[in-house]
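Note sheet for the following structure.
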There are 2 protein chains.
Amino acid sequence: MINGRQALRFRGKRITSQRELILRIIQEQGGHLGADEIHRLARRECPRLSLSTVYRTLGLLKELGLVRELRFEEGYSRYEMLGPDKHHHLVCLGCGKVIEFQCAHCARIHRDLGDHHGFQITGSRVELLGYCAECQKRREGR
Amino acid sequence: MINGRQALRFRGKRITSQRELILRIIQEQGGHLGADEIHRLARRECPRLSLSTVYRTLGLLKELGLVRELRFEEGYSRYEMLGPDKHHHLVCLGCGKVIEFQCAHCARIHRDLGDHHGFQITGSRVELLGYCAECQKRREGR
DNA sequence: TTATATGCAAACAATTTGCATCCTG
DNA sequence: CAGGATGCAAATTGTTTGCATATAA
């Protein structure tokens with residue numbers, strides 16, 4: 001969050017209570033929240049906060065590289081804090097649970113692939129889809 | 001496409017001219033088309049085809065496992081033929097070009113990661129984002 | 001013949017935008 | 001004090017649905 005203030009200030013963007021609140025919520029909740037979940041949580045502290053401000057702030061934070069937008073198999077986007085730790089996601093198709101994982105191999109492979117195709121790779125998204133242990137049981141049970 | 005007919009027939013679904021047309025377009029164009037691009041192309045042969053039929057057909061083909069839905073960094077979905085060859089995508093952030101690649105390593109790594117987290121992996125999506133050779137030049141030029 | 005598909009228009013949901021007002025710098 | 005940020009309502013965009021009609025099996 002201090003990071004966030006600095007990033008904002010650095011770009012000549014204003015630090016407002018709304019922006020700080022939204023940033024804090026994304027951090028505290030550990031990520032993977034949709035815009036309206038963020039809105040709902042934020043309104044507990046700032047009831048007049050509008051959904052458009054949430055979207056505008058998310059757009060800003062994305063530009064600043066503080067947040068990244070995730071689009072799983074749902075009809076909306078989720079957002080997470082973006083730190084120096086590159087990670088990917090394991091998503092349960094049964095219950096929607098999301099697990100983060102890191103993979104040094106992946107990073108290397110991706111870079112090699114980029115070279116091979118003459119691409120300068122700036123980012124990667126890896127989503128593994130499947131069923132978590134509980135959902136596997138539940139499905140067998142049927 | 002013959003495959004498609006069989007799949008449809010097998011599930012007791014009807015084979016209509018619209019469905020054949022849409023399936024053919026996705027195959028011929030090589031994939032990565034959005035719903036309205038498919039609609040636009042299809043209307044050249046069948047001017048009364050409605051966008052809802054396109055969506056309904058895409059949904060059906062997805063269920064049958066003939067087509068998969070891709071969601072890149074855009075605001076809409078793209079669709080591609082889904083064969084036995086598992087592949088992933090390299091997407092140029094400059095011009096939107098999409099290159100498919102295969103990666104045996106990835107598949108293994110993904111399966112191992114699934115095991116490690118107690119997940120039964122049923123699918124994976126890997127997107128590498130960056131700039132293609134031409135777009136790199138264009139950007140340097142600025 | 002009869003259930004399934006289609007076309008059209010209307011409904012939806014997520015996200016974006018215009019504009020008057022507010023507030024940070 | 002001035003220009004960027006907010007709230008609200010209205011507009012957009014991609015996708016889905018209800019229903020009368022058309023058509024594959």
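A, B, ... follow the sequence lines: proteins, then strands. Residue 1 opens every chain.
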Could you check which of [options] has an atom nearest any side-chain atom of [X]?
X      : options                 : value
T16(B) : dA5(D), dA5(C), dT15(C) : dA5(C)
Q18(A) : dT6(D), dC8(D), dT15(C) : dT6(D)
K13(B) : dT6(C), dG7(C), dA5(C)  : dA5(C)

Subject >> Any donor-acceptor N or O pair under 3.5 Å, side chains H87(A), Q102(A) >> reply: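 There is no such pair (donor and acceptor under 3.5 Å, judged by atom type) between the side chains of H87(A) and Q102(A).
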
Subject >> Donor on one side chain, acceptor on other, E80(B) and H32(B), under 3.5 Å >> reply: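 Per modelled atom types, E80(B) and H32(B) side chains form a pair under 3.5 Å.
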
Original post:
Side-chain N or O of Y55(B) less than 4.0 angstrom from OP1 or OP2 on dT15(D)?
Top reply: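 Yes, within the criterion.
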
Original post:
Think S77(B) has a side-chain N or O under 4.0 angstrom from the OP1 or OP2 of dT15(D)?
Top reply: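 For dT15(D), OP1/OP2 do have a side-chain N/O of S77(B) under 4.0 Å.
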
Subject >> Heavy-atom donor-acceptor pair, H39(A) side chain to Y55(A) backbone, under 3.5 Å >> reply: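 Side chain of H39(A) to backbone of Y55(A), a donor-acceptor pair under 3.5 Å: no, none is there.
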
Value in whole Å for how far the [atom2] atom of [N] lies from [atom1] of [X]:
X      : N       : atom1 : atom2 : result
L58(B) : dT6(C)  : CG    : P     : 12 Å
R78(A) : dA14(C) : CZ    : P     : 12 Å
L21(B) : dT6(C)  : CG    : P     : 11 Å
E73(A) : dT15(D) : CD    : P     : 14 Å
L49(B) : dG7(C)  : CG    : C1'   : 9 Å
R19(B) : dA24(D) : CZ    : C1'   : 10 Å
R71(A) : dT15(C) : CZ    : C1'   : 11 Å
E69(A) : dT16(C) : CD    : P     : 8 Å

Original post:
So what does L51(A) touch, heavy atoms closer than 4.0 Å: a base, only the sugar-phosphate, or nothing?
Top reply: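 Touches a base.
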
Would you say the base of [N] and the side-chain of [X] have a donor-acceptor pair closer than 3.5 Å?
X      : N      : value
R56(A) : dG4(D) : no
S52(A) : dC8(D) : yes
R14(B) : dA3(C) : yes

Subject >> side chain to side chain contact (heavy atoms under 4.5 Å, CB included) evaluation trace for L61(B) with Y79(B) >> reply: CA-CA 10 Å; L61(B) 296 176; Y79(B) 300 83; over 6 Å; no

**OP:** With DNA chain D as reference, determine whether D36(B) or S17(B) sits nearer its 5' end, using the nearest nucleotide of each.
**Re:**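 Going by which nucleotide is closer to the 5' end, it is D36(B).
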
Original post:
Quick check: are there more than 12 heavy atoms from other residues, nucleotides or ligands sitting under 6.0 Å from CZ of R125(B)?
Top reply: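 It does: R125(B) CZ has more than 12 such atoms within range.
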
